[in-house]
Peer 1: 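Here it is, the structure in full.
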Amino acid sequence: ASNSNQPNSQPNSSQPNSQPKSQPNSQPDRHHSTLWIGLTDFFLEGDWTWIHSSEKANKDTLENFWAADRPDLTADNKNDCVLVSLMDGKLQFTDSVCSSDTFTGKPIGTACQCRPGDCKALEQQN
């Protein structure tokens, strides 16, 4: 009798798990997977500075998070803004052009108060 009342239903034990399993796969589409964290070497190549405080970043800490072949320290390169993203299951930093809106084809979000290249107040101080 219970099967005739619910002809297309699956057992209750599988229903609660079917929705949550699909939700995590859709999360990256709803959020930026790469963020600018407010760290730049715009003023002096290889001298990583937090844009919000002008404090120097800890180089030893940075070394733990740089992606392969990063940072780009060639003279006059334009990769002055540090982005953080999850690559191969690891949190990694890469330096990128500050005016870029995308990284690996996806939008760049921000974890600070201004977008890369828009922090004019600090740029004018130096």
Side-chain angles (χ1 to χ4, degrees):
S2 65
N3 284 345
S4 63
N5 291 339
Q6 299 174 359
N8 294 326
S9 68
Q10 296 177 359
N12 287 338
S13 62
S14 67
Q15 286 179 356
N17 294 332
S18 62
Q19 275 296 343
K21 285 182 182 176
S22 64
Q23 288 175 350
N25 293 336
S26 64
Q27 277 186 327
D29 295 332
R30 294 189 315 224
H31 301 287
H32 296 291
S33 58
T34 301
L35 299 172
W36 182 58
I37 59 172
L39 190 59
T40 184
D41 73 343
F42 177 81
F43 306 109
L44 180 62
E45 191 62 43
D47 188 25
W48 300 101
T49 305
W50 294 106
I51 200 87
H52 70 281
S53 66
S54 299
E55 291 180 30
K56 305 299 180 205
N58 183 304
K59 289 185 181 188
D60 292 333
T61 300
L62 290 176
E63 289 300 320
N64 292 323
F65 293 101
W66 284 119
D69 301 320
R70 292 298 182 186
D72 181 355
L73 299 176
T74 56
D76 298 324
N77 81 76
K78 301 298 181 197
N79 295 321
D80 294 327
C81 287
V82 176
L83 306 176
V84 64
S85 57
L86 193 61
M87 294 185 222
D88 300 321
K90 293 176 19 183
L91 190 65
Q92 293 188 353
F93 293 170
T94 190
D95 50 339
S96 182
V97 176
C98 294
S99 61
S100 179
D101 289 333
T102 61
F103 179 72
T104 64
K106 296 182 181 179
I108 298 171
T110 59
C112 59
Q113 295 177 351
C114 56
R115 293 199 46 81
D118 289 344
C119 299
K120 301 297 180 196
L122 184 60
E123 292 172 12
Q124 291 172 357
Q125 290 175 1
N126 294 315

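Quantities reported herein were computed from a predicted structural model and do not represent experimental measurements.
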Peer 1: Tell me, please, which residues at least two apart from Thr94 pass side-chain hydrogen bond (donor to acceptor under 3.5 Å, both in side chains).
Peer 2: Arg70
Peer 1: Give, for atom CG of Leu73 and atom CD of Glu45, the distance between the pair rounded to the nearest 0.5 Å.
Peer 2: 5.5 Å
Peer 1: Apply side-chain hydrogen bond (donor to acceptor under 3.5 Å, both in side chains) to Lys56 and list each qualifying residue two or more places apart in sequence or on a separate chain.
Peer 2: Asp47, Thr49
Peer 1: Identify, with sequence neighbours excluded, every residue that meets side-chain hydrogen bond (donor to acceptor under 3.5 Å, both in side chains) alongside Asp41.
Peer 2: none
Peer 1: Output every pair passing salt bridge (charged side-chain N to carboxylate O under 4.0 Å, His left out) with a member in residues 77-93, not counting sequence neighbours, ordered by first then second residue.
Peer 2: none
Peer 1: Do Trp36 and Val84 make a side-chain contact, defined as non-hydrogen atoms from C-beta onward lying under 4.5 Å apart?
Peer 2: no
Peer 1: Taking atom OG1 of Thr104 and atom CG of Leu83, what is their separation to the nearest 0.5 Å?
Peer 2: 9.5 Å
Peer 1: Using a 4.5 Å cut-off on heavy atoms from C-beta on, say whether the side chain of Thr34 contacts that of Lys106.
Peer 2: no
Peer 1: Mind checking whether Ser100 and Ile108 have side chains closer than 4.5 Å, heavy atoms only?
Peer 2: yes
Peer 1: Could you tell me whether a side-chain N or O of Ser85 sits under 3.5 Å from a main-chain N or O of Met87, the two making a donor and an acceptor?
Peer 2: no
Peer 1: Taking all atoms of both residues into account, what is the closest heavy-atom pair of Asn79 and Val97, and its distance?
Peer 2: OD1-N, 3.4 Å
Peer 1: Which pair of heavy atoms, one from Ala67 and one from Gln92, lies closest together, and at what distance?
Peer 2: CB-OE1, 3.4 Å
Peer 1: Under 4.5 Å between any side-chain heavy atoms of Leu62 and Leu39, yes or no?
Peer 2: yes
Peer 1: Give me each pair satisfying ring pair (Phe, Tyr, Trp, His ring centres under 6.0 Å) with a member in residues 77-106, each pair once, sequence neighbours excluded.
Peer 2: Phe65-Phe93
Peer 1: Could you work out, with side-chain hydrogen bond (donor to acceptor under 3.5 Å, both in side chains) as the rule, every residue matching Thr74, not counting sequence neighbours?
Peer 2: Asp72
Peer 1: Tell me whether Leu44 is reachable from Trp66 by hopping between hydrophobic residues (I, L, V, M, F, W, Y) whose side-chain heavy atoms are closer than 4.5 Å.
Peer 2: no
Peer 1: For Asn64, is the CG atom crowded, meaning more than 12 foreign heavy atoms sit under 6.0 Å from it?
Peer 2: yes
Peer 1: What heavy-atom pair brings Leu35 and Ala111 nearest, and what distance separates the two atoms?
Peer 2: CD1-CB, 4.4 Å
